[in-house]
Amino acid sequence: MDRKVFGVDIGGTTVKMGLFTSEGELLDKWEIPTRKEDSGSHILPDIAQSIKDRMSRDGLEDKDVVGIGLSVPGPVDDKGIVHKCVNLGWGVFDIDEEMRKHVDFPVFAGNDANAAALGEVWKGGGKGCKDVVVVTLGTGVGGGIIVNGKVLSGSTGAGGEIGHIHINDNETEKCGCGNTGCLEQYASATGVVRLAKRRLAKDDTPSSLRNANISARTVFDAIKAGDKLAVEVAEQFGDILGKGLSIIADVTNPEIFVIGGGVSKAGQVVIDYIEKNYMKYVFHGSRGTKFALATLGNDAGIYGSAKLVLDGVRS
Ligand code: ZN
């Protein structure tokens, strides 16, 4: 029998679970609730139980399972030590060792943004590339930097936190991280809304956004309808993000940027504004870097977790 891999993506409300072949074909996926009470102490046992239930349903034994990959919403270092997940109630602990108390096969854990990036490189928008930067434009801005096929997680697992690159000296509002002027304050879904509201407040230029419920989506849709103020907002978004990505490119020189998250759902128009502005700032050696949309959506995390296992077992 082909051996199986479990890819698990632990989120604040649900845990997404995927059953994969060792070739990376997703056979089935399901979700269980994330029980955060009692300092999140039920989360790993719940995952183990769900996996055991699934194994008995499919007649799988321990020897049929390559391992479990866990994608965690916080920093995880190369040794599998979680360095606090505030929204799960977790402190600092060895997650591989803790999970091994419940299951008898290998466990590999990684940060969720990095796992999602690995998933996109393996089976998504960055497929076939070895040097990739995945940028997730969601509630915040997350990132995953893949160098020669491996995730760059850094000494404390904070590598790839591209949303907190300082980009604006003149910002007065604080970012969620406590600093001011972070990339995330302009390029996330909420960042785009902030840019739009600030622009609307500046003067009374007519715009379809004036009486609308503004979201990143309505801004990019307004561009398609020829709204000049929305174009200005998108230019500002593209300028700030293009500058941020040019800095990353000057350090890592990727083949491709893969753009995902809620903002990217507006499609190619988002990439057009980023790429055009990126070209203004980047060193000539990285002008050939391509841009693509992410393709795995919410499944990127389970794919990436499965890949953590396959890479971990091989290395
Ligand atoms: Zn920040």
Side-chain angles (χ1 to χ4, degrees), residues 24 111 113-138 140-154 158-168 182-184 186-188 191-192 195 216 219-220 223-224 231-297 300 303-304 307 311:
N111 165 262
N114 290 341
L118 199 56
E120 283 292 340
V121 172
W122 189 33
K123 297 286 179 185
K127 199 171 170 181
C129 299
K130 287 184 123 178
D131 293 286
V132 184
V133 175
V134 179
V135 181
T136 306
L137 307 173
V141 172
I145 298 173
I146 313 284
V147 178
N148 200 18
K150 295 269 180 216
V151 174
L152 188 154
S153 54
E161 283 287 357
I162 65 174
H164 303 285
I165 291 174
H166 178 78
I167 207 94
N168 181 6
C182 294
L183 181 61
E184 173 168 305
Y186 316 95
S188 63
V192 173
L195 289 178
V219 170
F220 284 101
I223 291 169
K224 291 170 195 161
V231 170
E232 279 184 47
V233 174
E235 282 289 0
Q236 206 187 352
F237 156 85
D239 184 78
I240 292 169
L241 186 51
K243 191 181 286 175
L245 298 189
S246 78
I247 294 167
I248 297 165
D250 289 347
V251 180
T252 67
N253 184 220
E255 293 167 79
I256 188 168
F257 283 103
V258 177
I259 313 290
V263 176
S264 74
K265 294 213 173 86
Q268 183 61 33
V269 60
V270 175
I271 288 191
D272 293 344
Y273 280 97
I274 303 169
E275 190 170 6
K276 180 173 76 172
N277 285 287
Y278 167 85
M279 294 298 274
K280 288 195 308 202
Y281 298 112
V282 77
F283 177 63
H284 60 76
S286 288
R287 281 196 192 131
T289 299
K290 295 190 283 289
F291 286 76
L293 292 166
T295 61
L296 298 179
Y303 274 95
K307 185 71 163 86
D311 286 351

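Only a predicted model underlies this, so the values are computations on that prediction, with no experimental measurement involved.
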Taking all atoms of both residues into account, what is the closest heavy-atom pair of [X] and [Y], and its distance?
| X | Y | answer |
| --- | --- | --- |
| Gly149 | Leu118 | O-CD1, 4.1 Å |
| Cys182 | His164 | SG-ND1, 3.7 Å |
| Gly143 | Ala113 | O-CB, 3.4 Å |
| Trp122 | Lys127 | O-CG, 3.5 Å |
| Leu195 | Val233 | CB-CG1, 4.0 Å |
| Ser188 | Val263 | C-CG2, 3.9 Å |

(message) Does atom NZ (Lys130) have a neighbourhood of more than 12 heavy atoms from anything else shown, all under 6.0 Å?
(response)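 No, not enclosed.
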(request) Among Tyr273, Phe220, Tyr186, find the one that has a ring-ring contact (aromatic ring centres under 6.0 Å, His included) with Phe237. (result)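 Of the listed options, the one satisfying the test is Phe220.
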Spacing of [X] atom [atom1] and [Y] atom [atom2] [to the nearest 0.5 Å]:
| X | Y | atom1 | atom2 | result |
| --- | --- | --- | --- | --- |
| Ile259 | Ile274 | CD1 | CD1 | 4.5 Å |
| Thr289 | Arg287 | OG1 | CZ | 11.0 Å |
| Phe291 | Gln268 | CZ | CD | 11.0 Å |
| Phe257 | Cys129 | CZ | SG | 12.5 Å |
| Asp131 | Lys150 | CG | NZ | 13.0 Å |
| Asn114 | Leu152 | CG | CG | 8.0 Å |

(request) Please determine which of Val192, Leu183, Ile162 meets the side chain to side chain contact (heavy atoms under 4.5 Å, CB included) test together with Leu241. (result)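 Output: one option passes, namely Leu183.
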(request) Enumerate the residue pairs fulfilling side-chain hydrogen bond (donor to acceptor under 3.5 Å, both in side chains) with a member in residues 252-265, sequence neighbours excluded, ordered by first and then second residue. (result)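 Checked against side-chain hydrogen bond (donor to acceptor under 3.5 Å, both in side chains) - neighbours excluded - the pairs reaching residues 252-265 are Asn253-Ser286.
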(request) For Val269 and Lys224, run side-chain contact (heavy atoms from CB on, under 4.5 Å): C-alpha distance rounded to whole Å, both residues' side-chain angles, the deciding distance at 0.1 Å, then the answer. (result) CA-CA 9 Å; Val269 60; Lys224 291 170 195 161; 3.9 Å; yes
(message) For a 4.5 angstrom cut-off between non-hydrogen side-chain atoms, does Asn111 reach Val151?
(response)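 With C-beta onward as the side chain, the pair stays apart.
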(request) Taking the side chain as every heavy atom from C-beta outward, state whether Lys243 and Lys280 have any atom pair closer than 4.5 Å. (result)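 Side-chain contact under 4.5 Å: no.
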(request) Show the numbers, then the answer: is there a side-chain contact (heavy atoms from CB on, under 4.5 Å) between Asp250 and Ile247? (result) CA-CA 5 Å; Asp250 289 347; Ile247 294 167; 5.7 Å; no
(message) Using only atom types and a distance under 3.5 Å, with no angle test, would you say the side chain of Glu120 pairs donor to acceptor with the backbone of Gly126?
(response)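 A pair under 3.5 Å: no.
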(request) Taking side chain to side chain donor-acceptor pair (under 3.5 Å) as the test, write out the residues that go with Glu161, two or more places apart. (result)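 So Glu161 forms no side chain to side chain donor-acceptor pair (under 3.5 Å) with any residue.
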(message) Suppose we screen for side chain to side chain donor-acceptor pair (under 3.5 Å). Which residues come up paired with Thr136, at least two apart in sequence or across chains?
(response)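 With sequence neighbours excluded, Thr136 shows a side chain to side chain donor-acceptor pair (under 3.5 Å) to no residue whatsoever.
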